[in-house]
Amino acid sequence: MTDPTVDATRELAAFLRRRRAELDPQDLGLPLRRRARRTPGLRREEVAELAGVSTDYVVRLEQARGLQPSADVVEALARALRLTPGERSYLFGLARQRPRAVDKPATAAAPALAQLVDDLSPRPVMLLNHRFDVLAWTAAMAALMVDFGTLPPEQRNAVRLCLLHPGVRATHADRERVVRDGIAHLRAAWAAHPDDPRLGELIAECRAADPDVERWWSAQDVDLGGRGRKVLRHPELGEITTDFEVLRPLADTDQVLVVHRGADDASRAALDRLAA
């Protein structure tokens with residue numbers, strides 16, 4: 001019988017061999033060599049040259065001889081093998097390394113996601129980037145939270161609004177939970193994007209403005225939930241309870257959709273009135 005357990009080292013080796021065999025040297029601008037190629041794709045020494053590592057290192061990786069490549073080496077191999085974003089993430093996972101951001105974080109809504117937000121109306125929906133800037137929203141979301149269009153762009157930040165905006169703060173029945181969730185999201189975003197100056201400024205602003213934020217920031221809480229329930233006190237419609245889902249598109253992983261729906265009949269009726 002064969003062992004059904006997946007061996008990450010062997011999977012990594014097989015993946016590197018397969019991707020190397022699929023590349024055409026001419027597509028990469030490599031010089032033609034006089035010696036005929038016995039197998040398709042790049043030679044190991046060509047991959048090594050492109051990645052800036054030794055040929056022996058590539059040989060040992062492809063033979064699953066127990067190497068643990070660093071994040072820098074994994075990134076270099078991903079570039080050398082012209083991996084797609086999905087393949088790159090898979091390679092990092094096999095190597096037990098954490099991938100770095102490859103592009104500048106989004107500051108505008110991806111067109112397809114902006115259209116999706118419109119299509120999800122009349123539900124309360126908003127599209128956020130990695131630092132929780134609100135990039136797109138439905139009318140129901142604005143009616144439930146705040147009219148984002150009246151705010152300066154630098155203040156359209158979901159976490160900042162929940163922590164510092166007086167009107168938004170007053171709508172949350174469980175103030176402590178909202179603050180702690182906001183801090184956890186900021187901390188996770190900061191760990192993933194430590195070089196983002198605007199994110200650093202946002203964190204500093206929130207910590208300086210609210211003693212609760214400063215106190216709970218020191219708790220090192222990073223327990224993030226992709227779904228949950230919120231109880232909101234709307235100034236006109238009273239208490240509204242929503243269930244929310246946080247959805248991350250595969251094609252735009254630095255943006256997330258937050259979709260709310262009524263958690264009970266009374267809340268669904270209230271959201272219908274908001275949408276109307």
| query | For the residue pair Thr253 and Leu250, what are the closest heavy atoms and their distance? | reply | CG2-O, 3.4 Å
For a quick test of your reading: what N or O donor-acceptor pairs under 3.5 Å do the side chains of residues 113-126 make, sequence neighbours left out?
unit_1, atom_1, unit_2, atom_2, d
Gln115, NE2, Asp119, OD1, 2.9

| request: Can you run down the side chain to side chain donor-acceptor pair (under 3.5 Å) pairs that involve residues 262-276, sequence neighbours left out, and say none if there aren't any? | output: Asp264-Ser267, Asp265-Arg268
| query | If you look only at pairs with a residue in residues 135-151, which of them pass as a side chain to side chain donor-acceptor pair (under 3.5 Å), with sequence neighbours excluded? | reply | none
| note | Here the gap from Gln68 atom CD to Leu12 atom CG, rounded to the nearest 0.5 Å, amounts to 9.0 Å
| Min side-chain heavy-atom separation Val58-Val53 under 4.5 Å | yes
| field | Asp254-His193 side chain donor-acceptor pair, cut-off 3.5 Å | value | no
| Approximate separation, where rounding is to 0.5 Å, of Ile183 CD1 and Asp212 CG | 8.0 Å
| request: Please test Leu81 against Phe15 for side chain to side chain contact (heavy atoms under 4.5 Å, CB included), starting from the C-alpha separation and ending with a verdict. | output: CA-CA 11 Å; Leu81 295 172; Phe15 184 69; over 6 Å; no
| query | Looking only at heavy atoms, which two atoms of Ala95 and Val74 are closest? And how far apart? | reply | CB-CG2, 3.6 Å
| When you look at CZ of Arg215, are more than 12 heavy atoms from neighbouring residues, nucleotides or ligands closer to it than 6.0 Å? | yes
| query | Counting distance only, does the side-chain N/O of Gln97 pair as donor-acceptor with the main-chain N or O of Pro69 below 3.5 Å? | reply | yes
| said: When you compare the side chain of Val213 with that of Val179, does any pair of heavy atoms fall below 4.5 Å? | reply: yes
| said: I'd like to know if Arg19 pairs up with Glu22 as an ion pair, taking the criterion as any Lys NZ or Arg NE/NH1/NH2 lying under 4.0 Å from an Asp or Glu carboxylate oxygen. | reply: yes
| said: Nearest 0.5 angstrom please: Leu271 CG to His234 NE2, how far? | reply: 9.5 Å
| request: Using a 4.5 Å cut-off on heavy atoms from C-beta on, say whether the side chain of Arg187 contacts that of Trp217. | output: yes
| message | Donor-acceptor pair, distance only, cut-off 3.5 Å: does the side chain of Arg248 make one with the backbone of Val256? | response | no
| Which heavy atom in Leu127 sits nearest to a heavy atom in Gln255, and how many Å separate them? | CD2-OE1, 3.3 Å
| message | Going by side chain to side chain contact (heavy atoms under 4.5 Å, CB included), name the residues that satisfy it together with Thr55, two or more places apart in sequence or in a different chain. | response | Arg44, Glu45, Ala48, Val59
| said: Suppose the criterion is side chain to side chain donor-acceptor pair (under 3.5 Å): which pairs have a residue in residues 153-171, not counting sequence neighbours? | reply: Asp133-Asn157, Arg160-Glu205, Arg169-Asp210
| Are Val259 and Val146 in one and the same hydrophobic cluster, where Ile, Leu, Val, Met, Phe, Trp and Tyr link if side-chain heavy atoms are under 4.5 Å apart? | no
| Can you get from Val134 to Leu257 by hopping between Ile, Leu, Val, Met, Phe, Trp and Tyr side chains that sit under 4.5 Å apart? | no
| request: Evaluate side chain to side chain contact (heavy atoms under 4.5 Å, CB included) for Met145 paired with Val168, printing each intermediate quantity in order. | output: CA-CA 6 Å; Met145 190 172 182; Val168 177; 4.2 Å; yes
| What orientation do His260 and Phe244 show, parallel under 30°, tilted 30 to 60°, or perpendicular over 60°? | tilted
| said: Test side chain to side chain contact (heavy atoms under 4.5 Å, CB included) on Asp196 and Arg131; report intermediate values, then the result. | reply: CA-CA 9 Å; Asp196 183 344; Arg131 58 175 170 257; 2.5 Å; yes
| Smallest separation among heavy atoms of Leu77 and Ala51, with atom names | CD2-CB, 4.0 Å
| field | Side-chain touch His172/Cys162, heavy atoms, less than 4.5 angstrom | value | yes
| So does Arg60 have more than 12 non-hydrogen atoms from other groups sitting under 6.0 Å from CZ? | yes
| Beyond-backbone contact of Leu202 with Phe132, side-chain heavy atoms, under 4.5 angstrom | no
| Is there a side-chain contact between Leu161 and Leu151, using heavy atoms and a 4.5 Å cut-off? | yes
| query | Can you tell me if CZ on Arg227 sees more than 12 non-hydrogen neighbours from other groups inside 6.0 Å? | reply | no
| Is Val159 reachable from Leu135 through a run of I, L, V, M, F, W or Y residues, each pair having side-chain heavy atoms under 4.5 Å apart? | no
| request: Kindly indicate whether the side chain of Arg82, heavy atoms from C-beta on, has any atom under 4.5 Å from the side chain of Glu87. | output: no
| note | The reported gap from CG in Leu50 to CG in Leu42 (rounded to nearest 0.5 angstrom) is 6.5 Å
| request: Would you indicate whether the side-chain heavy atoms of Ile240 and Val231 approach each other to under 4.5 Å? | output: no
| field | Transitive ILVMFWY side-chain link Leu164 to Val178, under 4.5 Å | value | no
| said: Between the side chains of Arg88 and Glu75, is the shortest nitrogen-to-carboxylate-oxygen separation below 4.0 Å, so that they form an ion pair? | reply: yes
| field | Set of side chain to side chain donor-acceptor pair (under 3.5 Å) partners for Asp252, sequence neighbours left out | value | none
| remark: All heavy atoms of Cys206 vs all of Leu163, minimum pair found to be SG-CD1, 3.9 Å
| task | I would like to know whether Leu16 and Leu91 meet side chain to side chain contact (heavy atoms under 4.5 Å, CB included); could you show each step before the answer? | result | CA-CA 9 Å; Leu16 292 175; Leu91 181 63; 4.0 Å; yes
| Check ion pair Arg17-Glu62 (N to O, under 4.0 angstrom) | no
| note | CD (Glu176) and CH2 (Trp216) are apart, to the nearest 0.5 Å, by 4.0 Å
